[in-house]
Every structure is written in C-alpha cells, then in structure tokens.
Amino acid sequence: MSQVNSSVEGSMDVLVEVTDLTVGFGSLRAVDGLSFRLEKGAALGLVGESGSGKSTVASALLGLHRGTGADVGGSVRVAGIDVQEASDADLHRLRGGKAAMVFQDPLSSLDPYYAIGDQIAEVYRVHTRVSRRAARARAVEVLDRVGIPDALRRSRSRPHEFSGGMRQRALIAMALACEPDLLIADEPTTALDVTVQAQILDLLHTLREETGLGLLLVTHDVGVAAESVDEILVMRHGRAVEHGPVDTVLGAPTEPYTRDLLGAVPRVDVPRAPSEASSAAQEVVLEATGLRREFGRGKRAFAAVDDVSLTIHRGETLGIVGESGSGKTTLGRMLVGLLKPTAGEIKPGGGVRPDVQMVFQDPVSSLNPRRSVGESIADPLRARGERDEESIRGRVRELLERVGLEGAHYDRYPHEFSGGQRQRVGIARALAADPRVIVCDEPVSALDVTTQAQVVALLGELQRELGLALVFVAHDLAVVRQVSDRVAVMRRGRIVEQGPADEVYDAPQDPYTKQLLAAVPALDPQVAARRRAARRELATT
Amino acid sequence: MSGFGGFVLRRGIGTVITLFAISVIVYVVFFVTPGNVAQITCGPRCSPEQVHQVAQQLRLDDPLYLRYWHFLQGILVGQDYSTGTSVEHCSAPCLGLSYQGDQQVTQLILAKLPVSLSLVFGAMVLWLILGVGTGVLSAWRRGRFTERLLTGITLAGVATPVFVIGLVLMIVVCGQLQLLPFPQYVSLTDDPEQWAWNLLLPWLSLALIEAAAFARLTRASMLETLAEDHIRTFRAYGVGERSIIGRHALRGAFAPIIALNANNVGSAVGGAVLTETLFGLPGIGQELVHAVNVVDLPVVVGMVLVIGFFVVIANAVADVLYAVADRRVVLA
C-alpha cells in the first residue's frame with residue numbers, strides 16, 4: 001500500500017472511528033471520553049470488569065441509545081455513517097446491514113415464538129428487497145455456513161429446540177445474513193460451556209479469515225479476548241486504561257490496573273501455590289459411596305448423578321468440575337443433604353456428625369432482600385436452638401469480621417453490599433453452624449476476576465485456620481485448579497477422572513478431560529493459536 | 001405419548017375427569033343436604049303427595065352412591081320418570097324434572113342456551129377487537145398523550161357497572177336518537193339481520209366492560225415483551241417499530257389473552273345476568289336467578305352443571321390454543 005495518499009486511504013480503511021465518546025444515564029457516566037479506531041478486517045477486544053462501560057460502547061456503535069434518554073456526546077462513525085447525525089432510515093440500514101451484533105444470552109436473544117429460519121429471513125428482508133422464499137433460502141444458507149447440521153430442517157425449529165451453542169451459532173448466522181463489514185460481539189460466549197465456547201470462538205476466527213469481517217469483541221474474560229483479537233482496549237470506569245496490540249497489553253502491561261487484572265485471572269496452566277494444609281493428616285470427614293440421584297418418573301426418569309464415590313479429608317479442597325448438566329450441582333446438594341440420594345450413602349468420617357454447610361452461586365438471590373444480613377447469618381444459630389440475643393449478635397459480629405466485613409454491618413440489607421461482599425456474607429452464614437465441610441457451588445462465577453481472587457483467598461485462609469474441608473463445585477477449570485488439592489471431573493452424572501489436581505491437569509488420562517483442557521482459552525495469543533490448530537486437527541481426525 | 005396429539009389427548013382426559021368431579025360435588029352439595037331433601041327439592045309450596053312423589057323420583061331410600069349413579073345415568077343415557085299417572089321418558093342428557101312446570105330441565109336449558117350463547121360470543125368478538133386494539137395502540141404510543149388518554153378510558157371502563165353503560169346506551173341510542181328499537185330477542189334462525197340489530201346494544205355494553213380488562217392485559221404483556229432481550233436483537237438489526245410491535249411484541253401477548261378470554265367466555269354464559277335482565281334477554285343467567293328465587297333445585301343443579309361445563313370446556317380449548325400459540329407448553 002502506498003504511503004503517498006495515506007490520509008485518503010486511511011479514512012477509506014477505517015471501519016469504526018470513535019472520538020471522545022461519552023454516554024451518561026442521568027448522573028452516571030457509563031462511558032467517559034473514549035476514543036479508538038478499528039481498521040477494516042481488524043479485531044479489537046474491549047475488556048473490562050462489570051460496570052466498566054464496555055457494553056454501553058457496543059450499543060453506542062449502533063446508535064441503540066437513540067430515544068432512550070441517554071446522554072450521548074462525542075462522535076461515532078461506523079462504516080462511513082455518522083451514528084449521531086444519521087437519519088433514522090440510515091441508522092436502520094447500518095444496523096444489521098453494515099454492522100451486526102451478537103449478544104450474550106443466546107436463549108433470550110431470539111424470539112421464542114418464531115422459527116429460527118423465519119427470524120433470520122425477517123432481518124434479511126429488512127435490508128434487501130427480496131421475496132420471502134429467497135430470504136428463507138438465504139437463512140438456510142447462513143445457518144449451514146455457521147455449522148448447523150441439516151440446516152434446512154433445523155431452520156424450522158424454534159429457539160427452545162436448539163442447544164445453547166446452536167443458538168449462538170444461529171445468532172451469528174443472523175449477523176452474517178446481510179454480509180456486514182463489522183461484527184459486534186457482546187460477551188458472545190459467557191453463557192456457554194467451555195468446549196462450546198471454544199467452538200464458537202473458532203467459528204468467529206474462521207469467518208474472519210474467510211470474509212474479512214471486522215470484529216469488536218466485548219468481554220470480561222481476558223482469555224477469550226486473547227484468543228480472538230489483534231488489539232486490546234482495557235476499560236475501567238468508562239475510560240480507556242490501556243490500548244495496544246494484544247501481545248503487548250497481555251505480555252508487558254504498563255498500567256497497574258491491567259497488571260492487577262491479569263494477576264487476578266486464574267491460570268489453568270500454572271500449579272496452585274503449595275499450601276501446608278494440603279499435606280495434613282488424612283482424616284476422612286465425609287465419605288460418599290455409589291451415589292445416584294434420579295429425576296422424573298417412569299420413562300422420563302434420568303440419572304443426574306450416577307454411581308459417584310468420593311472421600312473428603314480434613315483440611316483439603318476437593319474440586320468438582322464439569323460442564324452444565326454434568327450433575328455437579330446435584331452432587332453438591334446431596335453432600336449437604338438438600339437432596340436425598342436415590343441410591344448410595346453418605347457417611348461422616350469417624351462417626352462424627354459431619355456438619356456440612358453450603359455457599360451458593362448467586363449472592364444476590366441467595367440472601368433474603370427483606371432481612372438484614374446479620375439476621376441471615378444468625379439463621380443457622382437460631383436453627384440450632386440458640387436463643388440468647390446477646391450471644392447471637394456477638395457471634396454474628398465475630399463472623400462478619402472473620403470474613404473481612406465489619407461487625408457494624410449487622411443491620412444492613414443485602415442491596416447495600418457489592419457482589420463480592422454479599423458472597424462474604426454467604427460464607428459467614430455457612431460458617432455460623434461450625435461446619436467441618438463447606439460445599440461451595442460456583443461461589444465465584446458471578447463475580448469479577450479481581451473480586452473472585454479475593455473471595456478465593458478468603459476461602460483458603462478460613463480453611464487453613466479452621467481446618468475446614470472444602471468441596472469446590474465449578475465450571476471454570478482455571479479457578480478449580482487454583483483452589484483444589486484434588487479434582488474430580490464430571491460428565492453426564494459420572495466422575496470420569498479423579499486425582500491430585502496437578503496430575504489431572506498436567507497429565508489428563510480421560511479423553512474428555514483432555515478435550516476440556518484443550519478448550520480453555522489461553523492468555524498468551526501464541527499459545528492460543530497453537531491450541532486452535534490442535535483443536536482443528538482433533539476435529540478433522 | 002408425546003408431541004401435540006398426546007398433549008391434546010392428555011388435556012381431553014383431564015377435562016372429562018374435571019367434569020365428572022364437578023358433577024359429584026354439585027350433586028352432593030345440592031341433594032345431600034340435611035332435612036327433608038324431597039321437601040327442599042320440591043319447594044315450600046308442594047303438597048305432601050308431591051313431596052312423596054319427589055322422594056320416589058329421587059330414590060331417597062337408596063344409598064347415596066346408587067342415587068348418584070342414577071343421576072349420572074340420566075345424563076349419559078337418559079331415564080324414565082313416573083309422574084304418578086304416566087311414565088315419561090327423559091332422553092340423555094337428562095338433568096331431571098323441574099317442579100314448577102313439570103318441565104324437563106334439559107329442555108328448559110336448551111331453550112335458553114341460544115340466547116346466552118348469542119350474547120356471549122357476539123360480545124366476545126367485540127371485546128377482543130376493542131380490547132386488543134386499544135392495548136396495542138397504548139403499547140405503541142407508550143409514554144405519550146394517546147396512551148394516557150386510553151389508559152384513562154379503560155380505567156373508567158373497568159370501574160363502570162354494566163347497568164350504567166347499558167342504560168345510558170339504551171336511553172341515548174333507542175330513546176333520544178331512536179336509531180334502534182328497544183332490544184327484543186329474535187332467534188338467529190328466524191331472522192339473522194334482526195338478531196344482530198337487536199343484540200347490538202347488549203353486545204356493546206357487555207363488550208365495553210370486558211374490553212377494558214383486555215386492553216390493560218394486552219398493554220401490560222406487550223410492554224413486558226418489549227423489555228425483553230429478543231426485542232433488543234431485532235432493534236439492533238434495523239427491524240422497524242411497526243414489525244416489532246405487530247409481530248414480536250403482540251405475539252407475546254397471545255397466550256395471556258387466550259387464557260383470560262376462555263375464563264370470561266366460560267363464566268359469561270351463565271354470568272351475564274345483569275346484561276340479560278337489563279335488555280330483557282331470556283338467557284341462562286336470568287333463568288338461574290329465577291330458579292334460585294323459587295327454590296327449584298333440579299333447575300339450579302342443571303344450570304350449575306351446564307355453566308360448569310362451559311367454563312371447563314372453554315379452559316380446555318384455551319389450553320390447546322395456548323399450546324398452539326406457544327409450543328413450549330407441550331413440553332412442560
């Protein structure tokens with residue numbers, strides 16, 4: 001390309017140009033003076049924690065704030081259209097025609113009442129004056145393009161008849177229908193299992209290679225960005241913290257916030273820091289043998305957990321990983337006693353009552369919004385027959401301080417706390433009953449990575465001090481590696497592999513474990529490229 | 001058994017069981033009362049001979065299950081009754097005899113049913129058009145003057161009793177303007193045109209009130225759908241507001257509209273007493289009130305069963321339509 005006409009050529013090659021963008025909702029500034037450019041065919045990752053304003057930027061690119069009362073300033077140009085100034089008709093032409101968006105939750109992002117092919121055809125007909133029949137044919141074509149098997153027949157299915165991964169493929173197909181220049185993907189894989197996530201990211205990669213599509217990827221997951229983009233823009237509080245080529249930002253970050261963020265990301269390829277507690281005496285606190293749990297009756301019955309045996313020792317962490325539907329939550333609930341096993345038994349080690357407590361996934365819905373957190377923590381104490389108000393309050397204060405909150409927080413309500421603080425309240429509630437075992441069901445999956453790291457650290461600290469045994473149920477392989485002494489991998493209700501964490505992660509024996517580990521996004525773009533090639537080979541052989 | 005056919009079959013079986021349960025409950029409530037059942041059944045003005053005759057007809061000497069069995073038999077295959085001098089055959093579905101005119105309850109109901117059905121189904125068409133139309137309009141113009149005006153009107157509609165609207169309509173349309181004669185029921189089979197003209201005011205007054213509820217429901221569920229993620233998807237793909245309202249948001253309101261409609265149709269068959277009385281329509285509701293006033297138990301029982309029948313059938317039809325509107329129901 002010649003350097004002479006660079007200014008003219010430059011503007012021709014620019015797909016997105018955002019200059020000093022601000023978006024305000026009332027007194028809140030979601031985006032505050034953000035500028036970036038995206039060349040044709042390039043890929044940019046907007047990375048940040050919740051509330052950083054990254055999704056707001058994505059919406060602003062399509063002018064989705066028009067008419068919502070949001071305060072938009074600065075300028076946004078996409079594919080030559082000034083989004084702020086464009087007429088409604090131009091804006092409708094831009095949306096889907098030149099820039100298409102893929103959303104986070106593929107189930108709720110499609111209309112449940114219409115066939116998937118019809119929905120894609122409808123969008124296609126908005127942008128092209130073709131017959132219904134031709135639009136329908138185009139829908140089948142793009143569904144086939146994104147790897148939906150038997151696309152003609154499946155185009156007549158409704159969204160609920162598709163799996164999560166297939167729905168996301170269908171949304172990508174909708175995006176491709178009008179051959180846009182830019183694809184905006186807002187957390188496209190966050191709701192998906194790790195193996196499905198890898199498939200979707202590989203699909204996006206292939207599409208970019210073949211069609212020269214520009215990509216703006218919005219994600220909280222640094223690993224996902226590392227896999228998919230050339231450039232990264234780290235956002236915080238609506239501003240750009242660091243912006244540069246993906247190798248530089250991830251390999252040699254200059255900003256302290258980027259460093260903190262990267263430091264907090266759990267690594268699947270790095271062993272857990274050795275802990276003295278893990279080598280403690282092998283005293284069994286809980287033993288489960290031949291556990292089985294069925295749901296449904298008659299012909300509809302299926303076993304969510306089937307023939308699972310495990311032992312939990314004092315002071316250790318047993319990680320249970322699996323994808324959605326693997327039965328890990330059902331197993332956790334049986335260990336606590338929330339569900340009765342259909343067969344098999346759970347025995348306390350040494351004949352002592354095991355005192356198993358639970359920490360739940362969603363710190364928002366697992367606390368009663370109408371009761372103060374102190375009262376919630378006091379529940380297990382009252383359930384045990386404690387009646388003396390003074391000693392209950394004293395004990396709750398002690399527990400609040402134990403988990404890094406303040407005793408004075410007793411009378412506050414859940415909405416006054418952040419997600420991480422609420423999870424601390426959940427942990428305090430579990431501790432109230434003096435358990436020997438705590439089952440944590442996805443305790444950190446709803447939290448940002450930096451908060452995640454803090455909660456994980458708290459659990460480790462409590463474990464060391466109180467000699468607790470932890471059962472850590474999670475879908476995130478990296479988090480599980482960073483907390484577990486031993487790991488059990490579950491699939492379709494069974495444990496396919498079980499052993500010391502480092503053995504399972506570094507030398508997996510079961511093919512499914514290998515597949516899972518190969519699907520985890522790597523933080524290093526070069527490693528990511530190697531893995532992608534490996535996955536392609538696995539798929540073709 | 002699975003799929004749509006299986007769903008319809010399961011729902012049909014459920015309907016039959018419900019109807020059976022209703023017949024048992026109604027029978028027990030009305031006929032197994034303490035005191036002289038024959039006297040209560042016959043009414044306070046019956047002579048001892050009549051009471052005795054009733055006791056025989058009701059087989060009061062038989063055990064309860066046998067009595068119910070005969071009652072059920074009457075409904076399913078018909079029954080013979082002794083009137084003292086002769087034996088009268090009452091063919092299925094036989095609901096017994098009225099003691100006020102020695103008339104068969106079934107015949108009595110069949111004579112009144114067309115009036116009630118004409119009123120309800122005609123009104124239904126109107127309330128669906130008016131209600132859903134208003135609802136769509138206010139969802140579309142949400143936050144603007146049109147919506148506030150419509151909301152005010154529907155609120156007034158919900159709050160106004162039928163006899164007020166009906167009377168005002170009658171006074172203005174028939175009295176002052178003399179556009180229509182005062183309503184008088186004409187059978188559909190006799191003269192369809194006169195049937196429609198005479199029922200126009202009753203339809204309107206019943207529909208105006210019901211329409212308000214439909215407008216509110218339609219508006220609420222459309223607004224709910226409009227806040228959902230898939231609407232955002234179509235907006236982000238440049239789909240126009242008209243398609244979003246008419247195709248996607250309205251579709252989400254179908255299921256609740258169907259459910260409410262079934263309920264209203266079912267209960268209006270016997271429950272539009274005020275409208276029937278106001279316009280002098282000899283329908284089920286009016287007859288039921290009369291039967292209660294003169295304590296004609298067989299007629300009351302028969303009417304209650306028929307009304308229950310319509311409510312149950314309307315709900316069964318609604319469930320099937322619901323499943324057609326939203327196929328996910330079949331899976332549940």
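Within every chain, numbering begins at 1; the chains are lettered A, B, ... in the order of the sequence lines, protein sequences first and strands thereafter.
Contacts of A/Ala177 with chain B are absent, with no heavy-atom separation under 4.5 Å from either backbone or side chain. If you measure heavy-atom distances from A/Leu110 to chain B, the contacts under 4.5 Å come from the backbone alone. Heavy atoms closer than 4.5 Å to chain A are found nowhere in B/Phe254, neither backbone nor side chain. Interface residue A/Glu122: only side-chain heavy atoms are found under 4.5 Å from chain B. When heavy atoms are compared at a cutoff of 4.5 Å, A/Leu171 approaches chain B by way of both its backbone and its side chain.
Checked against the 6.0 Å centroid threshold, A/Tyr113 and B/His230 do not count as a close aromatic pair.
Ranked by non-hydrogen atom pairs under 4.5 Å with chain B, the options A/Pro112, A/Gly63, A/Gly97 are led by A/Pro112.
For A/Phe162, there are no ring-ring contact (aromatic ring centres under 6.0 Å, His included) partners at least two apart in sequence or on another chain.
Results of the salt bridge (Lys or Arg N to Asp or Glu O under 4.0 Å) test with B/Glu147 over B/Arg216, B/Arg141, B/Arg219 single out B/Arg219 as the only residue that passes. Checked against B/Phe214 for a side-chain contact (heavy atoms from CB on, under 4.5 Å), the options B/Thr154, B/Asn264, B/Thr134, B/Ile129 give a single hit: B/Asn264.
A 6.0 Å sphere centred on CZ of B/Phe309 holds no more than 12 heavy atoms belonging to other residues, nucleotides or ligands.
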